[in-house]
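Following: one structure in structure tokens, then a few remarks.
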Amino acid sequence: MTDYRFIGKSTPRKDARDIVTGKIKFINDVTIPNMLYGKVLRSPFPHALIKNIDTAEAMRIPGVEAVLTHKDVPEWMGGASPLHVRILDNKVRYVGDGVALVAAETEDICEEALRLIRVEYEPLPAVYDVEEALQPEAPRLYDMFPGNLMPPENRIFGPHTLQEVVIGDVDKGLEEADFIIEGYCTYENIPNPMPPEPPGVIAAWEGSDTLTVWSASQGPHMFKVALQKRMGSINLQSIGSPVGASYGSKFMSWQYVLPAAALAKATGRPVKFCYGKAEHLAAFTVRLGSRIYGKVGMKKDGTVTFVSGDWLVNTGAFSETAQAMVAVGCGEAQLMLRCRNWNLKPKVVCTNRTASGQIRGFGGQELKCALTPIITMGMEKAGLDPVDFFKKNYVKPGEDFYWRDGIRWVCRGIDFSAAIDRGAETFGWKEKWKGWLIPTSVKGAKRRGVGVGVHGNADVGEDVSEAFVRLDPNGTATIYSGLAEHGTGQRSSICKMVAEILQLPLERVSVTPTDSRVNPFELGPVGSRGTYAIGSAVIAAAEDAKRQLFERMAQKFNVLPEELETKDGTVYVKGRTETKIPWIKGMGYDSTCMGHGRFEPDFSQPNFMMIFTEVEVDTGTGKVELIRVVGATDVGQVIDPLSLTNQLNGCLGSAGIDSALFEETVFDTRLGRIMNPNMIDYKWRTFSELPEMEHVILETPFPSHRFHAIGVGEITPSPGPSAVLMAVSNAIGVRMNDYPLTPDKVLRALKKIATTKRRGKR
Amino acid sequence: MKSFVHFNTRSVDEAIHLLKKYEGKAKINAGGTDLLGVLKDRILPEYPEAIINIKTIPGLSMIEDGEEKILIGALTTLADIINSSLIEKTFPLLKEAALSVASPQIRNVATIGGNLCQDTRCWYYRYPDGIGGRINCFRKGGKTCPAVSGENQYHAVIGAKKCYAVCPSDLAVALTALGANLTIAGQKGVRTIPVEEFYHPLGNTLSPDEMITAIHIPKPFPVARQTFHKFTLRKPIDFAVVSVSSLIFLDQEICTSSRIVLGAVASAPFRAYKAEEFLKEKKLSAKTAEEAARLALDGSKPLAKNAYKVEIAKTLVKRAVQGTE
Amino acid sequence: MTSIPKKHPPHTLSLTVNGETHSFILGKGPNEVSPSHTLAQTLREKLGLTGTKISCDRGACGSCTVLLNGKAVFSCMLLTVECEGKEITTIEGLSDPKTGNLDPLQQSFIDHTAFQCGFCTPGIIMSTKALLNTNPSPTVDEVKEALSGNFCRCISHYHVLDAVMDVVKKEGNQ
């Protein structure tokens, strides 16, 4: 393994000092002159027509500059294919849906104005359950979507976007199977990724066609591209800020950017539009609801002969990007399960609750959480150890799968068997695994159990990234990238890559602010693509800049450019370090070298994450405690050890493992309201209750880029929930098929209290 | 937050005078950790006109040792109670109860009086006005309690009729078990009332011009085994799903008498009289603990989603009686 | 500041933040401090001390933690008018204003990358600071207890504990 100067070594984050001193400016820390504040009047009804709105009284309050309703907002549209969400509509589709917008001098004035808007509603029947919504007589949310069924996506990932997994011949798989299992499982607790910083934006117009947006978007450059499409012919300038975390949820930001832009347009002044936490939890995005009726065929040796079933996806009041998430989920199912015969049919359905959106795990976690427990029923019948099963069936080099673009890709990555073995060994799996539905240990009322889950994603090489690297004569390098810092340390990691290539001290490498006026195209740090996709573009740009530098310096040494080397802002001939010439001597003070790099999508190198969990169940109270977590992965080459372990520890949070334990959005289906839109009633993990956490990180080189690394951050939470479900099932000896495993459910399973009917119609 | 008139008061008399003057349209603020949430979410039908800060009243923050009882001023913070060696020695269950509240930042400002007077956490009652409007439930003068057929996983399992909200105070449970009394000052003078009688189904018995000034706790004699167990989904931050506070007076292994109080099962701390009666003169064993637990919850009527609370309460009572974790 | 009314003397309020005393006029005007303003609001909006963050705004997440007379408190759940005469320390007050030298705790957070998005970090550092002020050699469990009211959704908890214990170890050795 190469010993690098920066790569693989822990170095301080570039933004560390600003973070620990409080100097860093998140979007709500920014004010600009003459700025107004914007707020939304939110619907009390889950489904209603707006018959009349009277805004006159609100407009009379001193300090109110604009009140907008569905009658006077621009016709900009949001929602995924087709566009179907207006900024404000004459119909509301969930409690908390926008009814009117106010811009005023202070947030307090906004709030007083909202209370004076008189609205006359005509309530309509509402529907919340995914199967009820599909019934012919169900209330319909959009005229354009009969049966509340979202049409298949055929644009976002190309004309063949994967919208189902239909491969081979299920009948043949039925014949070949030793065991056939039918099962049902739901992951419908719609947990919230709940980043600490609520969504926020400042929008300002110059004239009628130039809009500048400062936002906490995870992908500020991509949303410029996406929004320009939605807003007609305008020039959008997107300026990012540090992201007070996102976990995917602040990638598609039109839900709050479009209203801010509308208010800024109406008032001719900049408008800041930041959600409060209640809005964040009740009127922003949650995970997809996921329900599977599945059938699986398996041989005694763990060969999966077929998978078929209906995957019912509840996207809430609109599709932010649900069909794209289904596409990725369908691809990820194949990475986990080597199987020749598939008939997995998703249906994406709208219902009258706050919308689902993209979240770390992006469709795959939602699918896995419901599908894996059904697969494990097969493992139980076949008497298979789940670790052996996952090891046998996870995609290996040379094997193929259909990815989100509907195209058949062949894996040219690595075999993760070694990571699985090392993970199992570290966890002590062999000693703790006692068989299906058998506890690891019993001590009085306390029963322990273990479970394991797996996840992987080929999106590490998704989409396009571009970057420039500029060398200045004073021996500094500037990376031009639209990459937002959302907590992974990726902006620092690309500096390390460039510093390594140019052999510059890290402090001499910097990144431009995320400003679309300055930087080339960047999709953003999503899908674990930071290391491979963004890294590749930056590496190529640095190599290109270095090549130009050497071309200019070659004449000074009277050698060919290829014979040169650079270190610490000087150039020398390879092997002759006694004569070093500073860059400025070759470049002059009046020139720069600008290298360009571009990454083209490559879905052939999936990543991998396995999570082992041990839980303790108190059978007297039904409480489940997470005792220990071991994660196992192979990343090719570690870029920054501390940033990596941070990301791996992140498996607990952002609607990950804990969505199996206590995280849920509690929804009252009579009122259509979310009952826990606050951080006391929405449960999250505290410092007091940290499980033991350990990671096995292997470094088997990938054929990715110069540093042979791939990313893993996005997928770390996703194998966890089903692993916990398995662990609890084993601890109490009863199969669980519903999340989260609250005391109520555990005590019911133990028959300590009477059971009531489950969700689902069939 | 919507504005109000604000007073920093210097004496109990001044505070009571202001309460009287505003005729129910003023709220007392001590630590503020409950009240500010109520104001920010605008959950009440009438927003208060005035806020009366009582933290500025001297002398109400103290712990005093007496021969037969200990006196705690209403403004004593939970952190002060936790850090008091006197409390730790005499009333360990009170320390445990205080320590179980929220988080260190809250405990540094929240007061014992405020903890007793805090409003319920029922999420229908607390639903924020900004997301489609507050919910006008029975407790706010509405016709029905939406929890009865709704998301009632944290609601009452015993004795509720029109409103199924539970009393969220952990200290009330502990103080009921300890047989504490409250000193209440008001326009008509000073009165004393047992904590056990302080609550009624829709809140507490304070009239609009009254405030708690002190808490008196009799020293248990002979020494009793004290326990406080609070079941929550998470150790910090959470309000009790169920809690049990108990005092068990023992002679060898025989229970001579006991006080067993359940929290978060009803609109007030719930004395498990039947269990107390049963345990009298019994030898403590797994079997007697089991029967005491059954009797403690005898008569409970859980709603569709909170039967698990009854089961957890039984487990906690059983463990309290047996003296196990 | 807005003009002072002629007839009545204005209600003023003085706050001591990071060792400096600031005076405000109480009122509803845009440059005044309203009785309903929280300390977090005043610190951020009137004093520009935006290192104190507001996330839940209901006393649950700890992002707004500051020191009030040395104790950790939620500045989102305190009225500014009730903080008169108290010593307030914010994250901006931890490093030396002249030299820019960091508190050892801040340096240790940098060394351990004890954050990811960094939004909750000031609150976490302030809670830890309050603990170390009264207990310079805490156990890991005492640190966890002191931080039990601080949210971190990225799960940087493990690195935070390493960073804090490293300071405890180093300071103890001195």
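We name chains A, B, ... by the order of the sequence lines, and we start the count at 1 in each one.
Within the structure, the salt bridge (Lys or Arg N to Asp or Glu O under 4.0 Å) test picks out no pair touching residues 97-106 of chain B (sequence neighbours left out). Sorted by first and then second residue, the pairs that involve residues 125-154 of chain C and meet ring-ring contact (aromatic ring centres under 6.0 Å, His included), not counting sequence neighbours, are A:Trp684-C:Phe151.
Looking at C:Leu131, there are no atoms closer than 4.5 Å to chain B (heavy atoms on both sides), in backbone or side chain. Heavy-atom distances place both the backbone and the side chain of B:Ile106 under 4.5 Å from chain C. For chain B, the nearby parts of C:Ala72 are the backbone and the side chain; heavy atoms of each come within less than 4.5 Å.
Counting heavy-atom pairs closer than 4.5 Å to chain B, the top-ranked of the candidates C:Cys76, C:Ala130, C:Gly62 is C:Cys76.
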Write out all chain C-chain B donor-acceptor pairs shorter than 3.5 Å, or none if the list is empty.
residue: C:Ser34; atom: OG; partner: B:Ser3; partner atom: OG; Å: 3.1
residue: C:Ser36; atom: OG; partner: B:Met1; partner atom: O; Å: 3.0
residue: C:Asp57; atom: O; partner: B:Lys40; partner atom: NZ; Å: 2.9
residue: C:Asp57; atom: OD1; partner: B:Lys40; partner atom: NZ; Å: 2.8
residue: C:Arg58; atom: NE; partner: B:Asp41; partner atom: OD1; Å: 3.3
residue: C:Arg58; atom: NE; partner: B:Asp41; partner atom: OD2; Å: 3.1
residue: C:Arg58; atom: NH2; partner: B:Asp41; partner atom: OD1; Å: 2.6
residue: C:Thr65; atom: OG1; partner: B:Gln105; partner atom: NE2; Å: 3.1
residue: C:Ala72; atom: O; partner: B:Asn108; partner atom: ND2; Å: 2.8
residue: C:Cys76; atom: O; partner: B:Lys40; partner atom: NZ; Å: 2.6
residue: C:Glu82; atom: OE1; partner: B:Asn29; partner atom: ND2; Å: 3.1
residue: C:Glu82; atom: OE1; partner: B:Lys55; partner atom: NZ; Å: 2.5
residue: C:Glu82; atom: OE2; partner: B:His6; partner atom: NE2; Å: 2.7
residue: C:Glu82; atom: OE2; partner: B:Asn29; partner atom: ND2; Å: 3.2
residue: C:Ser127; atom: OG; partner: B:Gln105; partner atom: NE2; Å: 3.1
residue: C:Glu145; atom: OE2; partner: B:Arg107; partner atom: NH2; Å: 2.5
residue: C:Asn150; atom: OD1; partner: B:Gln105; partner atom: NE2; Å: 2.9

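Residues that satisfy the side chain to side chain contact (heavy atoms under 4.5 Å, CB included) test with C:Ala163, not counting sequence neighbours, are C:Ser108, C:Phe109, C:His112, C:Ala114.
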Item to check | Verdict with reasoning, C:Leu79 to B:Phe4, per side-chain contact (heavy atoms from CB on, under 4.5 Å) | outcome: CA-CA 12 Å; C:Leu79 294 175; B:Phe4 39 70; 4.0 Å; yes
